[in-house]
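The residues of the chain are indexed from 1 along the displayed sequence.
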Amino acid sequence: AVAVSEPSDSERAAIVETVLDYFEGWFDGDASRMERALHPALAKRGPELRTATKDEMVTWTAEGEGKALDPGPGRRIDVTVVDVYGDIASAVVDSDVYREYVHLVRTDDGWRIVNALWQST
């Protein structure tokens, strides 16, 4: 059985940090932050259900696809940690550009995004 307790503030902060690495990395064109945020088994989908992989996301980030969409100074990235249960977590991200639901898994290297479902705002 999984020992379940209310997640600590530091645990929630680590989840938010991972999600910000993902979003800010995308908008800043910082492939190292994107790489750090994503699990190798990432499945990212939009409403059309085409799947993007970790390698694709890191490549697109390095190529500046996200920088082209960056809302600029004052950009809004609101992360809500919805649930944490043992080694899994769920968060909702509301930004100027995307609404995204992410699932994370705790790894030996910290929290990593394994699933993402997004839609443009």
> Is the shortest distance from a Lys or Arg side-chain nitrogen in Arg45 or Glu100 to a carboxylate oxygen in the other one below 4.0 Å?
Replying inline: no
> Transitively linked via ILVMFWY side-chain contacts under 4.5 Å: Leu104 with Leu42?
Replying inline: yes
>> Can you give me the closest heavy-atom contact between Ala89 and Ile15, atom names plus distance?
In response: CB-CD1, 3.7 Å
> Does any non-hydrogen side-chain atom of Ile88 lie less than 4.5 Å from one of Arg106?
Replying inline: no
> In the single-linkage hydrophobic clustering (I, L, V, M, F, W, Y; side-chain heavy atoms under 4.5 Å), do Met34 and Val79 co-cluster?
Replying inline: yes
>> I'd like to know if Val105 and Met57 are part of one continuous hydrophobic network [Ile/Leu/Val/Met/Phe/Trp/Tyr, side-chain heavy atoms within less than 4.5 Å].
In response: no
>> Under a 4.0 Å threshold between the charged nitrogen and the carboxylate oxygen, would Asp30 count as salt-bridged to Arg36?
In response: no
> Val19 and Val102: side chain to side chain contact (heavy atoms under 4.5 Å, CB included), yes or no, with the steps?
Replying inline: CA-CA 8 Å; Val19 174; Val102 296; 4.1 Å; yes
> If two hydrophobic side chains count as joined below 4.5 Å and joins carry through other members, does Val84 share a cluster with Tyr101?
Replying inline: no
>> Take a 6.0 Å sphere around CG of Asp78 and say whether it holds more than 12 heavy atoms from other residues, nucleotides or ligands.
In response: yes
>> Taking Ala52's backbone N and O only, do any of them form a donor-acceptor pair with Lys44's side chain (distance below 3.5 Å, no angle check)?
In response: no
>> For residues 57-67, which residue pairs pass the salt bridge (Lys or Arg N to Asp or Glu O under 4.0 Å) check, not counting sequence neighbours?
In response: none
>> Trp118 vs Arg99, test: side chain to side chain contact (heavy atoms under 4.5 Å, CB included). Steps then yes/no.
In response: CA-CA 6 Å; Trp118 68 274; Arg99 172 77 170 206; over 6 Å; no
>> Checking Arg75 against Glu24 for the salt bridge (Lys or Arg N to Asp or Glu O under 4.0 Å) test, could you report, in this order, the C-alpha distance in whole Å, the side-chain angles of both residues, the deciding distance, and whether it holds?
In response: CA-CA 10 Å; Arg75 69 178 170 211; Glu24 292 174 354; 5.2 Å; no
> Closest approach of Gly66 and Phe27, non-hydrogen atoms and distance?
Replying inline: O-CD2, 3.6 Å
>> To check you understand the geometry: which heavy-atom pair defines the closest contact between Arg33 and Leu20, and what is its length?
In response: NH2-O, 3.5 Å
> Can you name the closest pair of heavy atoms from Leu38 and Lys54 and give their distance?
Replying inline: O-NZ, 3.2 Å
> Could you give the distance from CG (Asp70) to CZ (Phe23), rounded to the nearest 0.5 Å?
Replying inline: 12.0 Å
Which donor-acceptor pairs under 3.5 Å do the side chains of residues 91-98 make with protein atoms, sequence neighbours left out?
{"from": "Asp94", "atom 1": "OD2", "to": "Arg76", "atom 2": "NH1", "distance (Å)": "3.0"}
{"from": "Ser95", "atom 1": "OG", "to": "Val97", "atom 2": "N", "distance (Å)": "3.1"}
{"from": "Ser95", "atom 1": "OG", "to": "Tyr98", "atom 2": "N", "distance (Å)": "2.9"}
{"from": "Ser95", "atom 1": "OG", "to": "Tyr98", "atom 2": "O", "distance (Å)": "3.1"}
{"from": "Asp96", "atom 1": "OD2", "to": "Arg76", "atom 2": "N", "distance (Å)": "2.6"}
{"from": "Tyr98", "atom 1": "OH", "to": "Trp26", "atom 2": "NE1", "distance (Å)": "3.1"}

>> side chain to side chain contact (heavy atoms under 4.5 Å, CB included) for His39 and Ile113? Distances and angles first, verdict last.
In response: CA-CA 5 Å; His39 190 278; Ile113 297 169; over 6 Å; no
>> Measuring from atom CH2 of Trp111 to atom CD of Glu11, what distance do you get when rounded to the nearest 0.5 angstrom?
In response: 5.5 Å
> Residues sharing Leu49's hydrophobic cluster, by side-chain heavy-atom contacts under 4.5 Å among ILVMFWY, directly or via others?
Replying inline: none
> Does the salt bridge (Lys or Arg N to Asp or Glu O under 4.0 Å) test come out yes or no for Arg112 and Asp21, once each step is laid out?
Replying inline: CA-CA 10 Å; Arg112 298 295 180 262; Asp21 276 345; over 6 Å; no
>> One pair to check against side chain to side chain contact (heavy atoms under 4.5 Å, CB included): Glu56 and Thr59. What are the steps and the verdict?
In response: CA-CA 5 Å; Glu56 287 173 323; Thr59 297; 5.7 Å; no
> Is a donor on one side and an acceptor on the other found under 3.5 Å between the side chain of Thr80 and the backbone of Val82?
Replying inline: no
> CG of Asn115 to NE2 of His103: how many Å apart, nearest 0.5 Å?
Replying inline: 6.5 Å
